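After the structure tokens below, expect a handful of questions from me.
When a ligand or atom number is given, it counts from 1 through the structure's own listing order. Quick caveat: nothing in here was measured; it's all calculated off a predicted structure.
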Amino acid sequence: MAEFTLHEDPRSGNCYKIKLTAALLGLPLGVQQYDIMKGETRTPEFLAKVNGNGRIPVLQIADGDTARFLPESNAACWYLASGSPLIPQDRFAQADMLRWMFFEQYNHEPNVATLRFWLHFVGEANLSEQQKAQMMAKRIAGCEALKLMDRHLEAHDWFVGEGATLADIALYAYTHVAEEGGFGLADYPAIQRWIARVAGLPGYAPMA
Ligand SMILES: N[C@@H](CCC(=O)N[C@@H](CS)C(=O)NCC(=O)O)C(=O)O
């Protein structure tokens with residue numbers, strides 16, 4: 001049986017997706033922590049061995065003498081959940097789940113997660129002029145993403161099908177802490193109900 005180690009910064013929602021997937025599946029997951037604020041994922045050793053893209057999360061999969069490294073949160077979730085109910089079997093449902101995971105990476109995470117990182121961890125006073133100039137566009141785009149999610153969840157309990165899938169995990173990670181980025185969730189009642197549903201899943205683990 002393979003052993004899994006997550007290279008992570010516990011403040012990262014992208015890392016949390018993988019921890020939540022493992023928790024829901026009952027899979028043991030070791031962790032190796034880095035401080036991204038100190039550039040610890042940009043060292044020559046990290047770039048050479050763990051991820052040439054200089055970012056966490058990275059899932060390390062050890063099998064006997066072989067260790068492989070899998071960057072990108074949603075790819076790592078897929079690897080862990082392969083063959084489990086977190087990935088629907090129906091061909092359309094599977095593609096629809098991927099649709100929401102791509103949406104998360106393109107429309108949601110670059111806005112909702114980035115504003116959280118800038119405001120909650122870096123601090124507005126420490127932002128560059130370029131970052132300050134991007135804030136309004138990210139606020140508008142983040143609200144658009146949340147609105148789309150809320151409309152979908154008005155009519156559905158889960159993003160795809162009748163139960164939780166990786167689409168829910170990927171979107172939950174930064175949505176449930178979106179207020180740390182200044183996105184008021186009171187405007188999105190269907191999202192709030194869905195957040196409670198995810199938090200009630202058997203095996204659920206909260207973010208650090
Ligand atoms: N698309 C990637 C995004 C990874 C990412 O942006 N990681 C951030 C933390 S959430 C990071 O490592 N930042 C440190 C840096 O860029 O130096 C994923 O989903 O895993």
Side-chain angles (χ1 to χ4, degrees), residues 4-25 27 29-61 67-82 86-87 97-123 126-128 130-131 134-135 137-138 141-142 145-146 149 159 165-183 198 205-208:
F4 304 119
T5 305
L6 178 64
H7 296 257
E8 67 146 2
D9 183 319
R11 295 167 290 195
S12 154
N14 283 319
C15 297
Y16 174 57
K17 290 174 196 173
I18 298 166
K19 291 208 273 197
L20 181 54
T21 302
L24 293 176
L25 294 171
L27 295 172
L29 184 67
V31 291
Q32 183 160 336
Q33 293 189 345
Y34 301 80
D35 186 339
I36 56 171
M37 309 284 282
K38 293 188 180 152
E40 288 178 2
T41 61
R42 299 283 169 167
T43 63
E45 298 74 35
F46 185 93
L47 294 173
K49 187 182 159 203
V50 182
N51 182 9
N53 199 19
R55 290 179 170 85
I56 42 86
V58 177
L59 180 66
Q60 181 177 336
I61 303 150
R68 291 181 294 173
F69 295 86
L70 186 60
E72 292 297 330
S73 56
N74 289 346
C77 289
W78 179 283
Y79 184 88
L80 291 179
S82 180
L86 292 177
I87 299 178
M97 182 191 82
L98 289 174
R99 178 265 286 226
W100 284 110
M101 293 168 81
F102 293 131
F103 162 83
E104 185 268 337
Q105 286 281 292
Y106 188 80
N107 296 86
H108 187 288
E109 194 259 15
N111 304 304
V112 177
T114 301
L115 279 186
R116 171 179 178 259
F117 184 66
W118 288 354
L119 297 176
H120 194 66
F121 295 110
V122 178
N126 302 318
L127 296 179
S128 68
Q130 202 188 7
Q131 287 169 329
Q134 290 175 21
M135 277 182 60
K138 288 194 176 289
L146 293 171
M149 289 170 63
F159 277 93
T165 69
L166 293 185
D168 299 282
I169 293 173
L171 283 163
Y172 177 80
Y174 284 110
T175 303
H176 85 295
V177 289
E179 291 189 338
E180 293 175 356
F183 294 94
V198 174
M207 195 167 174

| field | Ligand-residue contact atoms, ligand 1 with T41, heavy atoms, under 4.0 Å | value |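 Counting from 1, the qualifying ligand atoms are 14 (C), 17 (O).
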| said: I'd like to check whether E109 has a polar contact with ligand 1, where a contact means an N/O of the residue lying under 3.5 Å from an N/O of the ligand. | reply: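 No - when backbone and side-chain N and O of E109 are compared with those of ligand 1, no distance drops under 3.5 Å.
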| task | Identify, by atom number and element, the atoms of ligand 1 in contact range of Q105, meaning under 4.0 Å from any of its heavy atoms. | result |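 Listed by number with element, the hits are 1 (N), 2 (C), 19 (O).
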| message | Between E109 and K17, does any NZ, NE, NH1 or NH2 come within less than 4.0 Å of an OD or OE carboxylate oxygen? | response |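 Between E109 and K17 there is no salt bridge, as every charged N stays at least 4.0 Å from the carboxylate O atoms.
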| request: Starting from atom 6 (O) of ligand 1, find the nearest protein heavy-atom neighbour and note its residue, name and distance. | output: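 Checked against all protein heavy atoms, atom 6 (O) of ligand 1 sits closest to R55 CD, 3.7 Å.
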| query | Quick one: nearest non-hydrogen protein atom to atom 17 (O) of ligand 1, plus distance? | reply |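 Residue, atom and distance for the closest contact: R42 NE, 2.8 Å.
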| said: Show me which atoms of ligand 1 lie under 4.0 Å from any heavy atom of G54. | reply: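 Heavy-atom distances to G54 below 4.0 Å select 15 (C), 17 (O).
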| query | Would you say N74 touches ligand 1, if touching means a heavy atom closer than 4.0 Å? | reply |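 No; N74 lies far enough from ligand 1 that no heavy-atom distance drops under 4.0 Å.
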| Structural part of I36 in contact with ligand 1, heavy atom criterion under 4.0 angstrom |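 Contact part for I36 vs ligand 1: side chain (C-beta onward).
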| field | Element-labelled atoms of ligand 1 that are located less than 4.0 Å from some non-hydrogen atom of P57 | value |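 The atoms of ligand 1 under 4.0 Å from a heavy atom of P57 are 20 (O).
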| query | Just distances here: any N/O of Y174 and N/O of ligand 1 closer than 3.5 Å? | reply |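 The answer is no, given that Y174 and ligand 1 share no N or O pair closer than 3.5 Å.
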| Counterpart residues, side-chain contact (heavy atoms from CB on, under 4.5 Å), relative to A167 (two or more places apart) |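 Residues passing side-chain contact (heavy atoms from CB on, under 4.5 Å) with A167: M97, W100, F159, V160, T165.
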| said: Does R68, at its CZ atom, have more than 12 non-hydrogen atoms belonging to other residues, nucleotides or ligands within less than 6.0 Å? | reply: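 Counting neighbours around CZ of R68, 12 or fewer heavy atoms of other residues, nucleotides or ligands fall under 6.0 Å, so no.
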| query | Which residue holds the protein heavy atom closest to atom 20 (O) of ligand 1, what is that atom called, and what is the gap in Å? | reply |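 Checked against all protein heavy atoms, atom 20 (O) of ligand 1 sits closest to S73 N, 2.8 Å.
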| query | Closer than 4.0 angstrom: is that true for some heavy atom of Y34 and an atom of ligand 1? | reply |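 It does not; every heavy atom stays at 4.0 Å or beyond.
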| task | Look at the aromatic rings of Y79 and F4 and report parallel, tilted or perpendicular, splitting at 30° and 60°. | result |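 It falls in the perpendicular class, over 60°.
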| said: Show, in sequence, the C-alpha distance, side-chain angles and deciding distance for R55 and D9, and conclude whether the salt bridge (charged side-chain N to carboxylate O under 4.0 Å, His left out) test is met. | reply: CA-CA 10 Å; R55 290 179 170 85; D9 183 319; over 6 Å; no
| task | Might you work through the side chain to side chain donor-acceptor pair (under 3.5 Å) test for T114 and K138, ending with a clear yes or no? | result | CA-CA 8 Å; T114 301; K138 288 194 176 289; 4.5 Å; no
| What residue and heavy atom of the protein are closest to atom 3 (C) of ligand 1, and at what distance? |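 The protein heavy atom lying closest is N14 ND2, 3.7 Å.
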| said: To check your reading of the model: name the closest protein heavy atom to atom 4 (C) of ligand 1, its residue, and the distance in Å. | reply: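 Here the closest protein heavy atom is I56 O, 3.4 Å.
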| said: Could you walk me through whether Q33 and E8 satisfy the side chain to side chain donor-acceptor pair (under 3.5 Å) test, starting with their C-alpha distance in whole Å, then the side-chain angles of each, then the deciding distance to 0.1 Å, before giving a yes or no? | reply: CA-CA 5 Å; Q33 293 189 345; E8 67 146 2; 3.1 Å; yes
| Do you know which two heavy atoms are closest between H7 and I56, and how far apart they sit? |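 Closest approach of H7 to I56, heavy atoms only: O-CG2, 3.3 Å.
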| query | Under 4.0 Å from any heavy atom of E72, which atoms of ligand 1 are there? | reply |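 Near E72, meaning under 4.0 Å from one of its heavy atoms, ligand 1 has 1 (N), 2 (C), 18 (C), 19 (O), 20 (O).
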| message | Taking the six-membered ring for Trp, are Y174 and H108 closer than 6.0 Å centroid to centroid? | response |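 No, they do not, as the ring centres are separated by 6.0 Å or more.
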| request: Identify, by atom number and element, the atoms of ligand 1 in contact range of S12, meaning under 4.0 Å from any of its heavy atoms. | output: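 Within the 4.0 Å cut-off of S12, ligand 1 contributes 10 (S).
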| message | For the CZ atom of R116 and the CZ atom of F183, what is their distance to the nearest 0.5 Å? | response |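 Rounded to the nearest 0.5 Å, the CZ-CZ separation comes to 12.0 Å.
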